[in-house]
Amino acid sequence: MATNIRRPNGTKDVVPEQMYKWETVEEKMKAAAKRFGFKEIRVPTFEDTGLFVRSVGDTTDVVQKEMYSVTASSNDNYTLRPEGTAGVVRAILENGLLNGAMPLKLFYILSCFRHEKPQAGRLREFNQFGCEMAGSPAPEADAEIISLAKYVLDSLGLKNISLHINSIGCKTCRAKYHEKLKEYFEQYRMDLCSTCQERLDKNPMRILDCKSPEDQAIAANAPLITDFLCDDCKTHFEQLQQLLKIIGIDFVVDPKIVRGLDYYTRTVFEFISEDIGSQGTVCGGGRYDGLIQSLGGQPTPALGFGMGLERLILTMENQGCGFMTPETCDVYIAPLGENAVKKAAELAGFLRNGQYSAEYDLMHRSLKSQMKYADKIGASLVMIIGDNELEKGKAELRNMKTGEQTEVSLDESCLSTVDTVLTGEWLSQAMARGGDIL
RNA sequence: GUGGAUAUAGCGUAGUUGGUUAACGCGUCAGUUUGUGGCACUGAAGACCGUGGGUUCGAAUCCCACUAUCCACCCCA
């Protein structure tokens with residue numbers, strides 16, 4: 001260990017050799033969101049603590065025990081965002097974005113912070129890709145958001161991800177359901193596990209999700225939310241299901257889906273992977289028709305989802321999904337001697353201006369060492385400049401894959417030679433794959 | 001917050017009846033004559049054996065505490 005300062009519990013470094021995975025995922029998500037007409041937004045890492053208390057809900061675990069709150073002076077109380085939606089909705093209102101074209105469609109990639117005990121697929125700082133849509137109460141909007149999420153997962157190459165949907169109703173029908181549920185479980189109170197006995201008082205819907213076999217048996221006959229939805233909520237949910245069938249997205253209605261953030265209404269959904277351990281929810285979201293109003297805006301229906309980047313990458317690794325190949329070096333310039341180094345610096349400039357990546361020796365190493373280095377960084381071409389070459393005004397240009405060597409001139413015209421050699425290299429690779437060039 | 005397991009170089013590991021300079025593989029760097037990578041061979045650098053105490057003449061090895069990591073609960077992405 002080179003240092004005695006270590007990263008905080010539950011945080012991760014992404015080292016350069018892993019970075020290409022992140023680039024793959026982020027690029028594909030952005031492209032997908034843009035295809036659906038979503039625009040990127042960036043918001044602060046910390047917000048007024050009250051924002052999260054009011055939106056996520058003061059009885060939720062997230063707010064009660066997982067927030068990183070900071071105070072820099074006596075008057076302020078800020079919290080590192082535990083999720084993305086609250087800050088984005090705040091930004092929507094503060095910037096008057098609801099006055100633009102409707103529906104408003106936004107996406108973001110940001111880090112979130114929750115003080116939980118870390119485990120597989122769960123970190124204290126984690127990264128989220130999220131999409132939010134505001135303005136439409138229609139079930140088509142729900143279907144669109146879900147199909148965007150699905151589109152992202154598909155474009156990453158993920159398999160075996162199941163979509164679970166549910167409707168938790170609006171304020172009125174949910175309240176009615178809670179009552180019925182309490183009534184039902186109350187008669188089995190003594191048979192429930194200890195945590196579920198607590199849940200019975202706080203949030204009876206969570207009992208449905210309990211993993212204890214005894215409780216599951218009891219829960220099997222519990223009343224279902226779907227039987228208590230008001231007419232509007234019921235119709236909305238049915239229409240969503242029809243739409244999903246029409247656009248060909250498989251789903252299961254899962255009355256056990258209960259989201260832990262208070263702002264959800266009606267549609268909630270999760271995409272779940274079986275391939276990454278117990279924290280399998282790779283994407284979660286739903287409708288939050290009351291949130292914008294409760295944060296001071298005009299009553300505006302809205303919905304969205306969040307995806308955990310770490311979980312997505314974990315799943316992709318476990319499923320052997322492909323990532324974009326890491327970028328390598330187009331040309332490595334191997335100079336021998338002081339004058340050659342100067343020439344190398346100049347040539348590197350030409351190449352870079354010509355849109356090629358170029359490196360040259362910065363350590364005054366032997367040619368052999370330089371060749372090894374070039375091999376290690378995956379250089380396609382190596383340009384060798386020694387005394388002989390300086391005299392002739394030509395360098396040796398070695399193709400590292402084929403071993404062929406040609407001559408290049410030591411001036412700006414080297415660009416066109418590099419150009420043809422690399423183009424030839426791409427062509428032969430394409431031929432080898434048997435694919436078309438265009 | 002609760003429970004279980006683990007903690008030896010950048011990575012992966014060996015090393016318990018406690019005993020001299022802590023071993024091996026990968027990786028890194030250098031060399032194997034003259035200016036050319038991948039293979040092979042040689043050599044070098046790199047570890048306060050998680051941290052802090054204790055037992056002992058002597059601790060990577062035994063004891064205690066702490067911390068971190070992994071897995072699970074809880075909850076969520």
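Proteins get letters first, then strands, A, B, ... in listed order; numbering begins at 1 in each.
Of the N and O atoms on the side chains of A:S413 and A:S416, not one donor lies less than 3.5 Å from an acceptor on the other residue.
Shown here are the side-chain hydrogen bond (donor to acceptor under 3.5 Å, both in side chains) partners of A:Q279, two or more places apart in sequence or in another chain: there are none. Scored by the side-chain hydrogen bond (donor to acceptor under 3.5 Å, both in side chains) test, A:E359 finds A:Y373 as partners (sequence neighbours excluded). Applying the side-chain hydrogen bond (donor to acceptor under 3.5 Å, both in side chains) test to A:E40 and every residue at least two apart in sequence or in another chain returns nothing. Residues forming a side-chain hydrogen bond (donor to acceptor under 3.5 Å, both in side chains) with A:Y78 (at least two apart in sequence, or on another chain): none. Every residue two or more places apart in sequence or in another chain was checked for a salt bridge (Lys or Arg N to Asp or Glu O under 4.0 Å) with A:D361, and none qualifies.
Among residue pairs with one or both ends in residues 278-292 of chain A, those qualifying as salt bridge (charged side-chain N to carboxylate O under 4.0 Å, His left out) are A:D142-A:R287, A:R287-A:D289; sequence neighbours excluded. Residue pairs meeting the ring-ring contact (aromatic ring centres under 6.0 Å, His included) criterion with at least one member in residues 254-288 of chain A, sequence neighbours excluded: A:Y263-A:Y288.
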Compile the donor-acceptor pairs under 3.5 Å between side chains in residues 107-115 of chain A and protein atoms, sequence neighbours left out, one pair per line.
unit_1 : atom_1 : unit_2 : atom_2 : d
A:Y108 : OH     : A:E132 : OE2    : 2.7
A:R114 : NE     : A:P82  : O      : 2.7
A:R114 : NH2    : A:P82  : O      : 2.9
A:H115 : ND1    : A:Y68  : OH     : 3.3

Side-chain donor/acceptor pairs under 3.5 Å, residues 382-394 of chain A, sequence neighbours excluded:
unit_1 : atom_1 : unit_2 : atom_2 : d
A:E389 : OE1    : A:G386 : N      : 2.9
A:K392 : NZ     : A:E407 : OE2    : 3.1

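A 6.0 Å sphere centred on NZ of A:K150 holds no more than 12 heavy atoms belonging to other residues, nucleotides or ligands.
A:V282 comes within contact range of the sugar-phosphate backbone alone, with a heavy-atom separation under 4.0 Å but no base atom that close. Residue contacts for A:C112: at a heavy-atom cut-off of 4.0 Å it reaches no nucleic acid atom on any strand shown. Counting non-hydrogen atoms under 4.0 angstrom, A:Q405 reaches a base of the nucleic acid. Contact annotation for A:G130: no contact, since no heavy-atom pair falls under 4.0 Å across all strands.
Only A:R114, A:E116, A:K117, A:Q119, A:A120, A:G121, A:R122, A:L123, listed by number, bring a heavy atom of residues 114-123 of chain A to less than 4.0 angstrom from any atom of RNA chain B. Residues of residues 315-334 of chain A having a heavy atom closer than 4.0 Å to RNA chain B: none are found.
Considering only side-chain N and O atoms, A:S278 lies under 4.0 angstrom from the phosphate OP1 or OP2 of B:rA72.
Judged by atom type and distance alone, A:E389 reaches the base of B:rG35 through a side-chain donor-acceptor pair under 3.5 Å.
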Polar atoms only, N or O, under 3.5 Å: list the protein pairs with nucleotides 27-34 of chain B and their distances.
unit_1 : atom_1 : unit_2 : atom_2 : d
B:rC29 : OP2    : A:K376 : NZ     : 2.3
B:rA30 : OP1    : A:S369 : OG     : 3.4

